[in-house]
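Data first, discussion second: the structure below is written as structure tokens.
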2 protein chains.
Amino acid sequence: MDGDIALSKVPGKGWADRAVAQAGKPVVSRKTVGRLSLYRRLLDNLRGTGTTHIYSHQLAHLAGVSAAQVRRDFMVIGYSGSPNRGYHVDTCLASIESLLDGATRQDVALVGVGRLGRSVLAHFAGRRPLLRIAAGFDTNPGVIGTTIEGCLVHSMDDLERVVAEKGIRIAILAVPPETAQAAADALVRSGIRSLVDFTAVPLHVPDEVFVDHMDITSALESAAFFARQDQGTPPMDNGVDNGSEADMFPMI
Amino acid sequence: MDGDIALSKVPGKGWADRAVAQAGKPVVSRKTVGRLSLYRRLLDNLRGTGTTHIYSHQLAHLAGVSAAQVRRDFMVIGYSGSPNRGYHVDTCLASIESLLDGATRQDVALVGVGRLGRSVLAHFAGRRPLLRIAAGFDTNPGVIGTTIEGCLVHSMDDLERVVAEKGIRIAILAVPPETAQAAADALVRSGIRSLVDFTAVPLHVPDEVFVDHMDITSALESAAFFARQDQGTPPMDNGVDNGSEADMFPMI
DNA sequence: CGAACGCCGTTACGCGTTTCACAAGTTACC
DNA sequence: GGTAACTTGTGAAACGCGTAACGGCGTTCG
Ligand SMILES: NC(=O)c1ccc[n+]([C@@H]2O[C@H](COP(=O)([O-])OP(=O)(O)OC[C@H]3O[C@@H](n4cnc5c(N)ncnc54)[C@H](O)[C@@H]3O)[C@@H](O)[C@H]2O)c1
Ligand SMILES: NC(=O)c1ccc[n+]([C@@H]2O[C@H](COP(=O)([O-])OP(=O)(O)OC[C@H]3O[C@@H](n4cnc5c(N)ncnc54)[C@H](O)[C@@H]3O)[C@@H](O)[C@H]2O)c1
């Protein structure tokens, strides 16, 4: 895997690494994007409950991060809340979504429509209008041609053609480990830009391609290792920062 | 001194962050454990090909990390290779496994035996003798009582009892998001120590419990975000460190 | 035989991220 | 009006972690 270092593009040197780059394009690290995605879900749920404003430490508590982290993340994307009302849920949400979702819809390819693939498919079906799993690919003749959760499964032979036709730039890889690298190669050839990989194999792809490795094996083995240690989660956890533990949620 | 100036060397908190703790128990970071799990799989495959020795830069290439990283990781766990032969696959593997696997078998509980749960089950079935998914739990009456991949599915009502009986300290959480926190609470009550969470919800558990969050939604949204950026993963990749790019694999 | 090479172990360093801490602002209440 | 109690925003320290670099040591070849 490629670790999880951020992606800052430092052109010169010192430079304003945080905040917005001059071209309006904010430079956001990988981890920050992941948290923003989480904040978005939380705020979305929150809006359903009629909440209109929220403080950083409240959102932090929901997200399981520190309050300073929340404020910093919002600073990175250039969103400001009122000093005493906290963050306005609607505008905050809009600000995050304008960054995470693009202006146009992005289609995703799912390579390997097995158990895991189907689970992912079901989970994402119709959840984000601007992020749609638009095509499946497999080698199993029994699956090719069928439509699962509104997603048509193609043959792997058609991968490059379909990906090009639909302008797909994101792929989810859920094939058996042995065929993972070959499938990744095919995806790269067809011009993929981002890859979410579920195989246990570290893929070799060009540096321009973003890869996120969801290594379930490592996760479980890590869990097993730390289950034997005295303490579970040594590093960061709930930063109280300010405010009491009690009456955390009067919330308007 | 490390950073810039020796400011606070307070023994209470600064502490020896790296290296081994004095009690022979190595202090290994979460990320290092994850990489060791990866090395282990790679070395295991490698052994199948008859390879007996491997250099740090070769293993690094396979794992997609830098050679210095591999050497440091092995230093952390106290394994040394021969200066000129590289690392001996068998002994290295034994060293990693003695750290990752414990002395005794660890049983794992799978909570939520749906599509995702079944996929995980199939993936781990009989793969690690010392890490076994020993019990499933679900609320669906159609699933309770059945045996899937050699794993008997119990009712959620029996969770605390079965977990206690089997001495389970590790759990995989794959239930619908709405019920995730309640299931986590039940697991914590029954004395769980580690949790691999697949729901999109940030769980609130005591600090002693290790939690690894596999957030597929964030992963995909991050992938979508970076697919729109100009470059994908610019920073470090293949650490050449030394040695040429060509003839990377003469290998014995 | 010795010198040059290649790899390992280790230490020091640098970078990215997180947290601390405080100025500035806003509201509410006396 | 004044002040007390909250916020947010943000510079700067602290921290975690990966990388560069150097010494050491076997091997190999001149
Ligand atoms: N299930 C997990 O939780 C888990 C954990 C770790 C890793 N993984 C990995 O995820 C992958 C998928 O797991 P799964 O449970 O869905 O397996 P699965 O066997 O149910 O599904 C694999 C699918 O890939 C298809 N396929 C096979 N070869 C292919 C190829 N060359 N090109 C395209 N499609 C191909 C198969 O037809 C099948 O539909 C596996 O690599 C597994 O190791 C899964
Ligand atoms: N599938 C993915 O890739 C993906 C991605 C992100 C998140 N998730 C999450 O993973 C979870 C499982 O996904 P899935 O596709 O397997 O869903 P699923 O519906 O196929 O399986 C859920 C299982 O949990 C059981 N269940 C329901 N309530 C329960 C309870 N209170 N206690 C115990 N078991 C209960 C159900 O009977 C079912 O068997 C979901 O929360 C989903 O959001 C999955």
Under 4.0 Å between a side-chain N or O of [X] and OP1 or OP2 of [N]?
X	N	value
Ser56(B)	dC8(C)	yes
Ser29(A)	dG16(C)	no
Ser80(A)	dG9(D)	yes

Considering only heavy atoms and no angle criterion, is a donor-acceptor pair shorter than 3.5 Å present between the side chain of [X] and the base of [N]?
X	N	result
Arg30(A)	dT17(C)	no
Arg85(A)	dT26(C)	no
Arg72(A)	dT19(C)	yes

Whether Glu97(A) side chain and Arg40(A) backbone form a donor-acceptor pair below 3.5 Å: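 Such a contact is absent between Glu97(A) side chain and Arg40(A) backbone.
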Round to the nearest Å and state the distance from [X] atom [atom1] to [N] atom [atom2].
X	N	atom1	atom2	value
Leu59(A)	dT7(D)	CG	P	14 Å
Arg71(A)	dT7(D)	CZ	P	9 Å
Gln69(B)	dA20(D)	CD	C1'	13 Å
Phe74(A)	dT7(D)	CZ	C1'	15 Å
Lys31(B)	dC17(D)	NZ	C1'	7 Å
Asp73(A)	dT8(D)	CG	P	14 Å
His53(B)	dC8(C)	NE2	P	12 Å
His57(A)	dC20(C)	NE2	C1'	18 Å

Which residues share a ring-ring contact (aromatic ring centres under 6.0 Å, His included) with His123(A), sequence neighbours left out: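 Residues passing ring-ring contact (aromatic ring centres under 6.0 Å, His included) with His123(A): none at all.
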Under the side-chain contact (heavy atoms from CB on, under 4.5 Å) test, which residues partner [X], sequence neighbours left out?
X	result
Ala109(B)	Phe137(B), Ile168(B), Ala171(B)
Tyr55(B)	His57(B), Gln58(B)
Arg169(B)	Arg228(A), Gln106(B), Arg193(B)

Nucleic acid contacts - residues 32-40 of chain A versus DNA chain C, non-hydrogen atoms under 4.0 Å: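 Correct list: Arg35(A).
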Touch class at under 4.0 angstrom, heavy-atom based, for Tyr87(B) against every strand present: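 Sugar-phosphate, backbone atoms only, no base.
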Residue pair His213(A) / Leu203(A): nearest heavy atoms and the distance that separates them: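 Minimum heavy-atom contact is CE1-N, 4.3 Å.
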Closest non-hydrogen atom pair, Ser218(B) against Leu38(A):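 So the minimum-distance heavy-atom pair works out to OG-N, 4.1 Å.
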Output the single nucleotide from [options] whose closest atom is nearest the side chain of [X].
X	options	value
Asn84(A)	dT8(D), dC25(D), dC6(D)	dC6(D)
Tyr55(A)	dC8(C), dT7(D), dT17(C)	dT7(D)
Met75(B)	dG9(C), dT19(C), dT27(C)	dG9(C)

Donor-acceptor pair between Asn84(A) and Ser82(A) side chains, under 3.5 angstrom: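 There is no such pair between these side chains.
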Ser95(A) side chain near Leu99(A) side chain, heavy-atom distance below 4.5 Å: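 No, their side chains stay 4.5 Å or more apart.
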Angle of first-five versus last-five pair axes in the helix from dC1(C)-dG30(D) to dC30(C)-dG1(D), to 10 degrees: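 The helix from dC1(C)-dG30(D) to dC30(C)-dG1(D) shows an end-to-end axis angle of 20°.
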Salt bridge (charged side-chain N to carboxylate O under 4.0 Å, His left out) between Arg41(A) and Asp44(A), intermediate numbers included: CA-CA 5 Å; Arg41(A) 289 197 298 272; Asp44(A) 218 353; over 6 Å; no
